[in-house]
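Quick caveat, the model's predicted, so the values are computed rather than measured. Note on naming: letters A, B, ... go to the chains in the order of the sequence lines (proteins, then strands), and numbering restarts at 1 for each one. In what follows, every heavy atom counts, from backbone to side chain, and hydrogens, waters and symmetry copies are set aside.
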2 protein chains.
Amino acid sequence: MRRPLIRKLEKFTRLSQADKEMLVRIAAQRVRRFAAREDIIHEGEKPEFINLINEGWACRYKTLEDGRRQIIAFFLPGDLCDLNVFILKEMDHSIGAITPVAVSEISRAAFDEMMIGHPRITQALWWESLVAAAIQREWTVNLGQRDALERMAHLLCELFIRLEAAGCTSDSSCEFPLTQTELGETLGMSTVHVNRTLQELRASNLIVLKDRTLTIPNLQALQDVALFNPNYLHLDREGRHLDANEE
Amino acid sequence: MRRPLIRKLEKFTRLSQADKEMLVRIAAQRVRRFAAREDIIHEGEKPEFINLINEGWACRYKTLEDGRRQIIAFFLPGDLCDLNVFILKEMDHSIGAITPVAVSEISRAAFDEMMIGHPRITQALWWESLVAAAIQREWTVNLGQRDALERMAHLLCELFIRLEAAGCTSDSSCEFPLTQTELGETLGMSTVHVNRTLQELRASNLIVLKDRTLTIPNLQALQDVALFNPNYLHLDREGRHLDANEE
DNA sequence: GCGGCGACCTTACCTATGTTAATGTCGGAC
DNA sequence: GTCCGACATTAACATAGGTAAGGTCGCCGC
């Protein structure tokens with residue numbers, strides 16, 4: 001069985017056996033499953049748990065009064081929703097499943113226990129939440145400055161690299177469940193233009209996207225058209241070059 | 001002397017006298033001043049402190065290789081830069097002064113001391129960082145879904161309400177130091193279009209903007225054109241209706 | 001087997017916003 | 001007092017991307 005959270009956190013720091021057991025235990029209790037398109041939590045509800053995505057893809061989204069919808073973030077396997085959300089009185093956005101998902105609910109008590117007894121996990125979770133914030137900032141840059149082609153390319157690079165960190169890719173391919181409508185809601189463009197843009201990336205041999213599978217034959221080339229700089233993902237562990245025996 | 005941080009945190013919770021003294025003490029040590037346009041910290045540097053803006057406006061920004069610049073967030077008096085940034089190896093963006101600013105540097109040690117001895121402050125700082133994340137999400141929605149007029153109106157509403165929470169407004173006016181170029185870099189539009197959009201808001205009597213002063217004669221009306229919903233700022237304190245004696 | 005539906009693709013046309021460039025205004029340096 | 005730079009404004013024109021409409025295909029329920 002894959003443990004995407006552990007795999008991801010180890011990009012940041014080494015975890016002890018006890019740390020890993022703790023994380024497995026946390027992820028095992030209170031697992032809920034949702035069908036594709038189902039809401040995990042809805043705007044206005046009181047948040048009671050930290051959600052951890054174990055399997056599948058989910059997203060944050062927000063809907064304006066007049067129906068326009070914006071996808072604000074994607075949650076991939078191993079992603080945590082919001083450390084400490086329970087401080088807030090109510091959700092200001094919704095979280096919905098994109099594919100069928102398995103989610104672990106982490107209670108306030110379990111979270112506090114972890115923070116006290118496992119300083120390395122605490123550090124690693126801080127890191128993961130700082131990275132999540134950095135991703136959100138990069139999306140701001142993406143929407144504000146890049147044109148449609150760059151924007152799409154950037155999103156694909158990011159998702160691919162994040163999936164890789166969670167151990168959800170093989171070679172240069174990954175599952176890719178997003179519809180063109182969802183891509184449009186993410187990138188702030190119409191489905192028509194999403195289609196045009198994907199065609200353009202295909203025509204340049206930058207991507208192969210078919211049957212919910214994405215292949216990126218030359219990631220560097222795609223990064224180049226996206227003006228993609230992976231530094232915001234903070235995946236380079238302190239002293240990583242010393243750990244030749246990994247990956 | 002104003003204490004915008006204390007004022008803001010009290011929107012979330014009541015602080016004890018000891019809490020307030022702690023915050024004053026923290027804000028007093030290691031104060032640095034920067035001129036307008038100067039960088040407080042630059043992309044690539046190692047973050048060593050949490051920065052607290054005491055006076056003036058600053059911003060996060062990021063520059064693409066080809067020179068395009070996106071302003072990612074504004075820091076107003078009382079805003080903290082990033083809890084726990086020192087976990088990261090290097091900054092993935094820069095923070096620059098917009099006006100002359102006074103910044104308090106909070107060391108890792110001072111931060112830890114506060115976390116241990118002052119649980120209410122800890123809670124309040126968590127709240128402030130969750131709100132900062134919510135603001136970043138709302139900017140994603142803003143750039144993705146709203147058109148130029150809505151986008152500008154939304155930004156103005158947000159800034160005004162945040163300044164109000166920090167005690168930096170009087171009646172329906174506030175200082176407003178942003179140039180049209182900066183507004184463009186924030187909202188992902190050209191300066192020409194920023195100008196057109198401001199003219200339109202002025203013509204509808206939604207704003208008065210002159211000599212670096214912004215007046216919003218009817219905030220509700222501006223919120224209506226922006227499709228602005230203040231819930232993401234989480235300014236309504238638990239049981240606020242019980243505290244009739246405030247504000 | 002048929003009707004319906006959702007994902008996807010396509011075309012033709014239209015508009016919000018960008019680009020370029022000229023002009024205006026104001027405050028500071030000398 | 002004049003020169004200069006920063007900022008604001010305006011106009012004329014260009015284009016990226018939106019809208020509307022329709023078509024194809026595969027899948028599911030009955």
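For B/W57 and B/F176, the ring centers are positioned less than 6.0 Å apart.
With 3.5 Å as the limit, one finds no donor-acceptor pair spanning the side chains of B/S104 and B/Q29.
Among pairs with a residue in residues 199-228 of chain B, none fulfils salt bridge (charged side-chain N to carboxylate O under 4.0 Å, His left out), at least two apart in sequence or across chains. Here salt bridge (charged side-chain N to carboxylate O under 4.0 Å, His left out) pairs that include residues 185-199 of chain B, with residues two or more places apart or in two chains, are B/R69-B/E185. The salt bridge (charged side-chain N to carboxylate O under 4.0 Å, His left out) pairs that include a residue from residues 139-157 of chain A are A/E138-A/R146, A/E150-B/R68, where partners are two or more places apart or lie in different chains.
Atom P of nucleotide D/dG26 and atom CG of A/D211 are separated by 11 Å, given to the nearest angstrom. Counting to the nearest Å, the P atom of C/dT20 and the NE2 atom of B/H193 are 17 Å from each other. Summarising the geometry, the separation between CG on B/L183 and P on C/dT17 is reported as 15 Å, rounded to the nearest angstrom. Rounded to whole angstrom, the span from the CG atom of A/D147 across to the C1' atom of C/dA16 amounts to 16 Å. One can place CD1 of B/I207 at 14 Å from C1' of D/dA8, the figure rounded to the nearest angstrom. If you take CG of B/L187 and P of C/dT17, they are 11 Å apart, rounded to a whole angstrom. When the C1' atom of D/dG17 is taken as reference, atom CG of A/L143 falls 14 Å away, rounded to whole Å. Between the CD atom of B/E185 and the C1' atom of C/dT17 there is a distance of 17 Å, given to the nearest Å.
A donor-acceptor pair under 3.5 Å links the side-chain atoms of B/E182 to the main chain of B/T179, judged by distance alone. Within the 3.5 Å criterion, the main-chain N or O of A/K8 finds no donor-acceptor partner in the side chain of A/R3.
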key: A/I72 vs B/V141, side-chain contact (heavy atoms from CB on, under 4.5 Å): CA-CA, chis, key distance, verdict   = CA-CA 7 Å; A/I72 296 170; B/V141 177; 3.9 Å; yes

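Using a 4.5 Å heavy-atom threshold, the side chains of B/D39 and B/F34 count as separate. Within the 4.5 Å cutoff, no side-chain heavy atoms of B/E105 are placed close to those of B/I50.
Residue-level contact check: B/G188 touches the backbone only, with heavy atoms under 4.0 Å from sugar-phosphate atoms and none from bases.
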remark   = 5' to 3', nucleotides 5-11 of chain C under a 4.0 Å protein heavy-atom cut-off (B base, S sugar-phosphate only, - none) gives --SSBBB

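In the region residues 58-74 of chain B, proximity to DNA chain D at under 4.0 angstrom, judged on heavy atoms, holds for none of the residues.
Helix bend of the helix from C/dG1-D/dC30 to C/dC30-D/dG1: the angle between its two end axes, each built from five pairs, comes to 40° after rounding to 10°.
One finds the CD1 atom of A/I207 at 12.5 Å from the OG atom of A/S172 (value rounded to the nearest 0.5 Å).
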